[in-house]
Amino acid sequence: LVTPEDKHSGRYTLHGTPASVPSSTLMDPDTIAFLISTSGTTGTGKLVPVTSRMFADVVAIKSEKIRVTQQDVILVTNPLDLISALSSGLFLIIYCGGCAVIDSAHDTHKFLEHIEHYQPDFIDVSSPLLHAIYNHLAEHPASAALKRMRFIRVGGAPFPAEMMRTLEEWLGVPVIHAYGMTEGLSGFTSNPLPPGIRKHESVGQVVHGEIALFSDDGKQLPSTEIGELGIRSPLIFKGYFNPEDNIPSPFLDGWFLTGDIASIDNEGYISIIGRRKDMINSGGIKILPNEVEEVLTLHPDVADACVVSLPHPTLGEQVAAAVARRSETLTVSDLVTYLQAHLAAYKIPTIIHFVDQIPRSSYGKLQRQQVAEHLQAQRSLVPDTQDLDQPATELVSEILSLWNEVLGNPDITLADPFIPAGGDSLTAVRLANLLSERLSVDFAVMDIFDFPTVLSQAAEINWRRKSAIT
């Protein structure tokens with residue numbers, strides 16, 4: 001296809017005489033139509049074969065669920081190498097004879113201008129794009145084009161329920177939370193359109209097939225319990241394209257195990273709690289990053305956040321967070337104070353590092369492996385005592401002694417954060433008082449959280465002493 005020089009990109013003309021096509025070359029509906037890669041957020045993506053029959057059936061079901069018509073216009077914002085852009089966007093509208101505008105969501109302001117220009121009836125967006133729309137509307141009035149849409153559907157990554165409710169208040173437009181995976185052509189579950197009941201804390205009800213919950217040892221659980229979500233449907237894949245990706249098998253007695261920990265209420269609404277492989281085991285206590293991330297992103301000065309596990313010498317794993325700020329005035333102590341009011345103490349990240357941007361996939365999924373590697377690299381920059389001068393080395397020893405006195409933990413290392421080492425709010429008060437008294441320096445309780453390790457406290461106290469002298 002060649003675009004003439006005087007024409008817009010994407011507009012083209014086909015020349016020549018169509019060749020006759022023997023009937024024997026027509027595609028069998030059960031042959032592979034697409035090979036789509038999974039997101040691969042913690043490693044290399046896996047190829048998922050999608051047949052023509054599966055694809056057409058799923059598109060037909062989705063179009064019926066959201067009542068698409070040939071008069072509808074949609075902006076397709078997701079990259080076309082993602083199954084969601086095809087089955088929930090481009091081909092959904094082609095199937096019904098409507099109009100699809102292929103757009104880019106890299107520039108939020110241009111995207112909102114395109115909504116004003118093209119007047120879409122609905123949009124299917126990623127979580128980061130909806131965050132950007134939310135932030136824009138927090139400072140600017142909503143356009144008439146936004147308010148005239150039938151609905152907004154969001155998926156691909158968690159989106160805070162409270163923000164969905166606020167968007168609905170601002171726009172008067174239903175926000176539909178959905179869930180899917182490449183293995184199921186992106187459309188496992190969805191909240192219904194009005195007059196159906198939307199439960200924003202959930203990802204809705206199953207769209208096709210059956211769902212069940214499974215324990216760690218593969219036993220099917222009652223729906224009242226929490227377990228790994230399993231899907232069984234003729235419209236999901238039958239196995240990955242490359243044989244090695246099917247070892248171990250992603251199926252259990254015909255059920256595709258999604259890897260997502262979920263709960264199901266008595267009306268069949270599914271709530272995704274987190275990814276099983278992302279779960280943090282800190283001293284035997286299980287912590288799901290999603291919960292911590294949702295609380296972090298609700299802070300008005302937090303633009304984005306990613307929570308991961310980092311190794312800990314005694315607890316096995318500890319909670320760490322990378323945070324992108326809206327305001328440079330936000331400090332670690334501000335965040336800790338905020339988190340203490342919203343989370344149990346053991347869920348509060350012991351390592352918080354500010355970054356310019358959180359890495360995400362093209363569809364908005366957090367790249368946790370990149371974040372963990374970055375945070376681990378930051379930890380490795382902590383200096384060893386052999387690089388310190390004699391007074392500083394003595395200071396480190398004094399502080400370590402006070403930590404041992406307060407916490408009664410002889411295994412503390414110089415880079416251990418205070419809370420995983422056994423600290424809490426009460427012992428933080430005691431340690432701050434001892435540091436102030438024994439070392440003749442003004443050290444507040446919040447300083448314990450701003451400078452959470454022995455080495456960081458030594459560096460800060462050393463700096464304050466030198467500043468006092470000058």
Side-chain angles (χ1 to χ4, degrees), residues 105-109 111-112 115 125-143 146-147 152 154-175 177 198 200-201 274 287-308 319-360 364-368 371 374-375 419 425 444-452:
H106 296 300
D107 187 320
T108 306
H109 293 287
F111 175 68
L112 292 171
I115 288 179
V125 296
S126 66
S127 179
L129 178 55
L130 194 56
H131 270 285
I133 294 172
Y134 179 93
N135 294 335
H136 175 87
L137 294 177
E139 299 178 1
H140 304 89
S143 68
L146 275 171
K147 291 183 175 182
I152 297 171
V154 60
F159 192 84
E162 195 57 43
M163 287 187 176
M164 281 188 272
R165 294 189 185 94
T166 302
L167 280 169
E168 290 188 342
E169 291 174 6
W170 289 343
L171 301 175
V173 172
V175 179
H177 203 188
R198 298 185 303 286
H200 293 308
E201 286 81 7
I287 302 153
L288 286 162
N290 285 16
E291 180 184 0
V292 183
E293 288 160 356
E294 179 164 347
V295 173
L296 280 168
T297 54
L298 286 174
H299 190 288
D301 290 329
V302 172
D304 202 359
C306 179
V307 173
V308 297
V319 186
V323 176
R325 294 180 287 186
R326 299 189 201 284
S327 170
E328 294 295 322
T329 61
L330 180 67
T331 66
V332 171
S333 63
D334 293 335
L335 274 183
V336 171
T337 301
Y338 164 77
L339 292 172
Q340 285 174 331
H342 296 85
L343 290 173
Y346 66 87
K347 296 180 182 178
I348 297 174
T350 54
I351 297 172
I352 297 177
H353 183 69
F354 292 123
V355 296
D356 293 332
Q357 188 175 15
I358 302 294
R360 289 180 177 270
K365 290 189 177 181
L366 291 168
Q367 302 295 289
R368 295 190 190 277
V371 172
H374 173 77
L375 292 178
I419 291 179
S425 57
V445 175
M446 289 314 302
D447 290 331
I448 302 296
F449 298 101
D450 276 342
F451 309 99

Contact check, side chains of Leu137 and Leu146, non-hydrogen atoms, under 4.5 Å: yes
Smallest heavy-atom separation, Lys147 atom then Ala142 atom, equals CE-CB, 3.8 Å
On the 0 to 90° scale, with breaks at 30° and 60°, tag the His109-His140 ring pair as parallel, tilted or perpendicular. perpendicular
Contact between Ser143 and Leu112 at the side-chain level, heavy atoms closer than 4.5 Å - yes or no? no
Run the side-chain contact (heavy atoms from CB on, under 4.5 Å) test on Leu330 and Arg325 for me, step by step, so that the C-alpha distance in whole Å, both residues' side-chain angles and the decisive distance to 0.1 Å come before the verdict. CA-CA 7 Å; Leu330 180 67; Arg325 294 180 287 186; 3.8 Å; yes
Quick one: do the Glu162 and His200 side chains pair a donor with an acceptor below 3.5 Å? no
Could you tell me if the side chain of Val125 sits less than 4.5 Å from the side chain of Phe159, heavy atoms only? no
Taking Arg198 for its side chain and Pro174 for its backbone only, find out whether a donor-acceptor pair lies under 3.5 Å. no
Which pair of non-hydrogen atoms, one from Thr297 and one from Pro160, has the smallest distance, and what is that distance? OG1-CG, 4.0 Å
4.5 Å side-chain heavy-atom contact, Val323 and Val355: no
Side-chain contact, heavy-atom cut-off 4.5 Å: Val292 with Leu343? yes
Can you name the closest pair of heavy atoms from Trp170 and Tyr134 and give their distance? CZ3-O, 3.6 Å
Val302, Val307, Leu339, Asn290 screened by side chain to side chain contact (heavy atoms under 4.5 Å, CB included) with Val295, the one that passes: Leu339
With heavy-atom distances below 4.5 Å as the criterion, would you say the side chains of Cys306 and Glu293 are in contact? yes
On a heavy-atom basis, the closest approach of His177 and Ala157 is NE2-O, 4.1 Å
Output the distance between atom CD1 (Ile358) and atom CZ (Arg368), rounded to the nearest 0.5 Å. 10.5 Å
Taking the side chain as everything from C-beta on, heavy atoms only, tell me whether Leu130 gets closer than 4.5 Å to Ser127. no
side-chain contact (heavy atoms from CB on, under 4.5 Å), that's the test. Do Leu366 and Val308 meet it? Break it down for me. CA-CA 10 Å; Leu366 291 168; Val308 297; over 6 Å; no
The reported gap from NE2 in His131 to OG1 in Thr108 (rounded to nearest 0.5 angstrom) is 12.0 Å
Looking at every non-hydrogen atom in both residues, tell me the closest pair between Val175 and Glu168 and how far apart they are. N-OE2, 2.8 Å
Is Pro128 close to Arg360 at the side-chain level, that is, under 4.5 Å between some pair of heavy atoms? yes
Mind checking the CE-CD1 spacing from Met163 to Ile133? Nearest 0.5 Å is all I need. 13.0 Å
Partner set under ring-ring contact (aromatic ring centres under 6.0 Å, His included) for Tyr338, not counting sequence neighbours: His299, His342
OG1/Thr329 to CG/Asp334 distance, rounded to the nearest 0.5 angstrom? 7.0 Å
